[in-house]
Trainee: 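Structure in structure tokens, see below.
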Protein chains: 2
Amino acid sequence: MIEAMISSALPPKELREALETAGWRCTPQRLAVYEHLAEAEHHPTAEEVYQGVKAAIPRISLATVYKALEALVASGVAAKLTTTDGSARYDARRDHHYHLRCLRSGAVEDLPTPYDPDLVAKIDPALLQQLEQKGFRVTGYRLELVGFYEGAGASRS
Amino acid sequence: MIEAMISSALPPKELREALETAGWRCTPQRLAVYEHLAEAEHHPTAEEVYQGVKAAIPRISLATVYKALEALVASGVAAKLTTTDGSARYDARRDHHYHLRCLRSGAVEDLPTPYDPDLVAKIDPALLQQLEQKGFRVTGYRLELVGFYEGAGASRS
DNA sequence: ATCGATGCAAAGCGTTTGCAGGGGT
DNA sequence: ACCCCTGCAAACGCTTTGCATCGAT
């Protein structure tokens, strides 16, 4: 399980390349932030990344973590997830996945699923045309499956 | 178009019932916030709702708008949308729709689309079985199409 | 009379920015 | 030598909270 996540992380050499192609330098801080992100089993906040990376780089500042996360997202090796609560969460997974949102607990889980460029067309062939007429070009999608685990008791507020 | 949205809003009587069932009072401010939300063509931020509702209730405060939105969400008649940028957006539509997220402006738009109970099966027949084996019952989905309007200038940093 | 709701102002919190010093290229 | 990056602190914007007052039941 953990192996699978670590193995999905970019090796340092490729990370460096991704950063530099996008016009950023590859620094020890950014590498550490990326590695923490790639090894995380959940989607950490900036603060959580900060706390985790301090083990490797004690003098790192929270501002640097924010800037590193920005660089990683801009380089396409990490994603900033949309959230309802105040703080953003980050994701370094490279494989495409859906989210599974539990109505009972509110938890969000990853569901590994290959990215399907034709998904929209598959769902509704007329939809893409309709969007293109509006001038909207679809570059991706996010699918969230909502439901609940049967049997488990509710734990909502 | 606007008619269709207004007609999807709850009438005041039902709104009152929804609020009071959840333990909130139905006040003029909350009614006005709900109506502004239900008639909006996009998903306004709290600030936008505030500006809009001031026309009807000039002395309303931003704090009251936030509290009203909280009451509406807790009563199940509105939803707080997840966002990447700083401010939250709200939605009072009851009919099913996808979201269109613009990568350039961050705006979220509705895309009216009938709810398709078989959408997941249509995408991947094996997926439902896989989920049921996990004990997860899918009761709904949220689909967000990400992209951008062609031609318009970028406004990202 | 009670208890929640309002409006105002101030505080809170996540995030961003200005700036001086430091390091890679 | 240049320019980007770092770390610190201050600023910023969205949201929440404390509190006195108001209003409905």
Side-chain angles (χ1 to χ4, degrees), chain A residues 12-13 15-34 43-54 56-75 78 80-90 157, chain B residues 12 15-34 36-37 43-54 56-75 78 80-90 106-108 155-157:
Chain A
K13 192 173 289 185
L15 175 64
R16 164 178 292 268
E17 201 178 307
L19 280 167
E20 293 181 347
T21 300
W24 306 85
R25 286 189 189 160
C26 184
T27 67
Q29 287 86 346
R30 289 172 183 170
L31 226 164
V33 165
Y34 176 76
H43 301 301
T45 62
E47 177 69 32
E48 286 166 349
V49 173
Y50 173 54
Q51 295 301 333
V53 168
K54 275 208 284 191
I57 307 182
R59 286 185 46 79
I60 199 172
S61 73
L62 183 54
T64 298
V65 170
Y66 273 105
K67 288 167 193 164
L69 289 168
E70 180 196 352
L72 294 172
V73 170
S75 306
K80 189 174 181 179
L81 304 183
T82 65
T83 54
T84 273
D85 49 61
S87 44
R89 294 184 170 273
Y90 295 85
S157 58
Chain B
L15 175 64
R16 165 180 290 269
E17 202 179 307
L19 279 167
E20 292 181 349
T21 300
W24 306 85
R25 287 189 190 160
C26 184
T27 67
Q29 287 87 346
R30 287 172 185 172
L31 226 164
V33 165
Y34 176 76
H36 183 87
L37 216 58
H43 298 301
T45 62
E47 178 69 31
E48 287 166 347
V49 173
Y50 173 55
Q51 295 301 332
V53 169
K54 273 207 287 193
I57 307 182
R59 285 184 48 78
I60 198 172
S61 72
L62 183 55
T64 298
V65 170
Y66 273 105
K67 288 168 193 163
L69 290 168
E70 180 197 353
L72 295 172
V73 170
S75 306
K80 188 175 181 179
L81 303 184
T82 65
T83 54
T84 273
D85 48 62
S87 45
R89 294 183 170 274
Y90 294 85
V108 178
S155 62
R156 293 232 147 217
S157 58

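Because only heavy atoms are used, hydrogens play no part in the values below, and waters and symmetry mates are left out as well, while side chains stay in. Here is the naming used below: chain letters follow the sequence lines, and residue numbers restart at 1 for every chain.
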Trainee: Below the 4.0 Å mark, does C:dT6 have OP1 or OP2 next to a side-chain nitrogen or oxygen of B:Thr27?
Mentor: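 Yes, B:Thr27 has a side-chain N/O under 4.0 Å of OP1/OP2 on C:dT6.
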
Trainee: Report the distance from atom CD of B:Glu70 to atom C1' of C:dG4, rounded to the nearest whole Å.
Mentor: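 Computing the B:Glu70:CD to C:dG4:C1' distance gives 13 Å.
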
Trainee: Look at all strands and tell whether A:Thr64 reaches a base, only sugar-phosphate, or nothing, counting heavy atoms closer than 4.0 Å.
Mentor: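 Base, at least one base heavy atom under 4.0 Å.
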
Trainee: A:Trp24 CH2 to D:dC3 C1': how many Å, rounded?
Mentor: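 So the CH2-C1' distance, A:Trp24 to D:dC3, works out to 14 Å.
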
Trainee: How long is the line joining CD1 of B:Ile60 and P of C:dT6, in whole Å?
Mentor: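 Interatomic distance, CD1 of B:Ile60 to P of C:dT6: 7 Å.
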
Trainee: For the atom pair CG (B:Leu81) and OG1 (A:Thr82), what is the distance rounded to the nearest 0.5 Å?
Mentor: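 Between B:Leu81 CG and A:Thr82 OG1, I get 9.5 Å after rounding to 0.5 Å.
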
Trainee: Quick check: does any side chain N or O of B:Glu48 sit under 3.5 Å from a backbone N or O of B:Thr45, one acting as donor and the other as acceptor?
Mentor: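 Such a contact is found between B:Glu48 side chain and B:Thr45 backbone.
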
Trainee: Can a side chain N or O of A:Arg25 be found less than 4.0 Å away from OP1 or OP2 on D:dT6?
Mentor: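 Result: no.
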
Trainee: Can you find a side chain N or O atom of A:Arg30 that sits less than 4.0 Å from OP1 or OP2 on D:dC4?
Mentor: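 A:Arg30 to D:dC4 OP1/OP2: no side-chain N or O under 4.0 Å.
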
Trainee: Could you state the atom-to-atom distance from CD1 of A:Ile57 to P of D:dC8 in whole Å?
Mentor: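 Result: 13 Å.
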
Trainee: Atom CZ in A:Arg89, atom CG in A:Leu69: separation rounded to 0.5 Å?
Mentor: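 A:Arg89 atom CZ to A:Leu69 atom CG measures 12.5 Å (nearest 0.5 Å).
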
Trainee: Rounded to whole Å, how long is the line connecting atom CG of A:Leu31 with atom P of D:dC5?
Mentor: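 The distance from CG of A:Leu31 to P of D:dC5 comes to 14 Å, rounded to the nearest Å.
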
Trainee: What is the distance, to the nearest angstrom, from the CD atom on B:Glu48 to the P atom on D:dG13?
Mentor: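 Rounding to the nearest Å, CD of B:Glu48 and P of D:dG13 are 16 Å apart.
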
Trainee: B:Leu19 has an atom CG; how far is it from atom P of C:dG4, in whole Å?
Mentor: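 It is 16 Å, rounded to the nearest whole Å.
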
Trainee: Closest heavy-atom contact between A:Ser75 and A:Ala22?
Mentor: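 Shortest heavy-atom contact: OG-CB, 3.7 Å.
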
Trainee: Verify side-chain contact (heavy atoms from CB on, under 4.5 Å) between B:Thr64 and B:Val33, making sure each step is shown before the conclusion.
Mentor: CA-CA 10 Å; B:Thr64 298; B:Val33 165; over 6 Å; no

Trainee: Any side-chain heavy atom of A:Leu19 sitting closer than 4.5 Å to one from A:Arg25?
Mentor: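 The answer is no, as the side chains (C-beta and beyond) never meet within the 4.5 Å cut-off.
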
Trainee: Return the value, rounded to whole Å, for the distance between atom CD of A:Gln29 and atom C1' of C:dG22.
Mentor: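 About 11 Å, once rounded to whole Å.
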
Trainee: Polar-atom pairs under 3.5 Å, protein N or O versus N or O of nucleotides 14-18 of chain D: list them with distances, or write none.
Mentor:
unit_1, atom_1, unit_2, atom_2, d
D:dT15, OP1, B:Ala88, N, 2.7
D:dT15, OP2, B:Tyr66, OH, 2.2
D:dT15, O5', B:Tyr66, OH, 3.1

Trainee: D:dC8 phosphate, OP1 or OP2: any side-chain N/O from A:Arg59 under 4.0 angstrom?
Mentor: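 A:Arg59 to D:dC8 OP1/OP2: side-chain N or O found under 4.0 Å.
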
Trainee: As an exercise, state the distance from CD of B:Glu47 to OH of B:Tyr66, rounded to the nearest 0.5 Å.
Mentor: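 Those atoms lie 7.0 Å apart.
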
